[in-house]
Visitor: 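One structure, as structure tokens, below. Some questions next.
All chains are named by letter (A, B, ...) in the order of the sequence lines, taking the proteins before the strands, and each is independently numbered beginning at 1. Worth knowing before you read on, the calculation uses all heavy atoms, side chains too, and leaves out hydrogens, waters and symmetry mates.
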There are 2 protein chains.
Amino acid sequence: MSRTPHHPTRDQIELPMVLDCLSDPIRLAIVYQLAQQERVSSELRCSDFSALSGKSNLAYHFAKLRDCGLMRTRVAGTNRFMRLRREDLEARFPGLLDAVLSSAAKDADRLPLVSGCELVEVDRK
Amino acid sequence: MSRTPHHPTRDQIELPMVLDCLSDPIRLAIVYQLAQQERVSSELRCSDFSALSGKSNLAYHFAKLRDCGLMRTRVAGTNRFMRLRREDLEARFPGLLDAVLSSAAKDADRLPLVSGCELVEVDRK
DNA sequence: CCCTATGTTCAACGTTTATTGAACTATCAA
DNA sequence: TTGATAGTTCAATAAACGTTGAACATAGGG
């Protein structure tokens, strides 16, 4: 279980997969929460998303987000730290991520975005 | 078969449905082609997309595009004229449609966007 | 009126999807 | 070593999805 999971290269990031990933409310919420956190520390642990769903369902969504290139997972001890691949996304599809994020922000009341989401100071390991 | 099909109001347009719609390569191609056509006449007939798939499969995708608010269908005789709901989209999710379209344009070689798509002058009925 | 062109609707199908709980692995701390 | 913590993996399930072809509806032209 220790090997760091697979991530696509920047060039392998595909538009339909990215849009499909973002079309799921839970994954959109994960991405949104990661984007919020960027202002503070850029990384969050899996358990920081526990308000959105159960552990095993989150693991499923994390895998999809990794597979499509939206986020990167760093293994540190028993934790996984996730962060947005903002630069790669911006290079591949300029403006797309921000357009989606601001659209989500605009509809925050309709989406399950920020259940109990206050910013968290993470101690990088 | 004559009644004009159902369209959501501007306010009913939801982000996850829009992203999901755009995540299908065929639907993305339809939207892309409609956007191209906008410069000329803003409307296209169903049969203008026949390079993308069969009639009944296209009807299925058209229905999804209507249901999520991405396009509007106008019935005129035996034809249906479709156009992008650009203003509604822009009002709901500013910048989103253009970001997706320019991302698609950037990846035009990887996507089934423009099989035999030259601009067509349509005589509005 | 019949014939054709344009699209939709329906049933069928195989595939993919999201979700669950249980079992498992790995790491850390006592 | 024992126990607790953090997450993944697997199998099972139900629902949704994309695609097909056949049948249908509608309008226009001879």
Visitor: Counting side-chain heavy atoms from CB outward, which of D/dT5, C/dT6, D/dT20 is closest to A/Thr78?
Guide: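 The listed nucleotide nearest to A/Thr78's side chain is D/dT5.
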Visitor: According to a 4.5 Å side-chain heavy-atom criterion applied to Ile, Leu, Val, Met, Phe, Trp and Tyr, with indirect links allowed, do A/Met71 and A/Met17 form part of one hydrophobic cluster?
Guide: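 The answer is no; the residues belong to distinct hydrophobic clusters.
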Visitor: Taking the side chain of A/Arg80 as its heavy atoms from C-beta onward, which of D/dT8, C/dT8, C/dC28 lies nearest to it?
Guide: D/dT8
Visitor: Checking A/His7 against A/Arg66: is there a side-chain donor and acceptor pair closer than 3.5 Å?
Guide: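 No pair is found: no donor N or O on one side chain lies under 3.5 Å from an acceptor on the other.
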Visitor: Here's a test for you: under side-chain hydrogen bond (donor to acceptor under 3.5 Å, both in side chains), which of B/Arg74, B/Gln37, B/Arg80 qualifies with B/Glu43?
Guide: B/Arg74
Visitor: Have a look at B/Ser56 and say if it touches a base, only the backbone sugar-phosphate, or nothing, with a 4.0 Å heavy-atom cut-off.
Guide: base
Visitor: For A/Asn79 and D/dG7, give me the distance from atom CG to atom P, rounded to whole Å.
Guide: 5 Å
Visitor: State whether B/Arg92 and A/Asp107 are salt-bridged, where the test is any N-O pair (Lys NZ or Arg NE/NH1/NH2 against Asp/Glu carboxylate O) under 4.0 Å.
Guide: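 Yes, this pair counts.
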Visitor: Between A/Leu58 (CG) and D/dT9 (P), how many Å, whole number?
Guide: 14 Å
Visitor: Enumerate all atom pairs, one protein N or O and one N or O from nucleotides 14-18 of chain C, separated by less than 3.5 Å.
Guide:
{"unit_1": "C/dA18", "atom_1": "OP1", "unit_2": "A/Arg27", "atom_2": "NH1", "d": "3.1"}
{"unit_1": "C/dA18", "atom_1": "OP1", "unit_2": "A/Arg27", "atom_2": "NH2", "d": "2.7"}
{"unit_1": "C/dA18", "atom_1": "OP2", "unit_2": "A/Arg27", "atom_2": "NH1", "d": "3.4"}
{"unit_1": "C/dA18", "atom_1": "OP2", "unit_2": "A/Tyr60", "atom_2": "OH", "d": "2.1"}

Visitor: Rounded to whole angstroms, how far apart are NE2 on A/His6 and P on D/dT9?
Guide: 14 Å
Visitor: Rounded off to whole Å, could you give me the CZ-to-P distance for the B/Phe62 and C/dT8 pair?
Guide: 7 Å
Visitor: What is the bend of the helix from C/dC1-D/dG30 to C/dA30-D/dT1 when you compare the axis at one end with the axis at the other, using five pairs each and rounding to 10°?
Guide: 10°
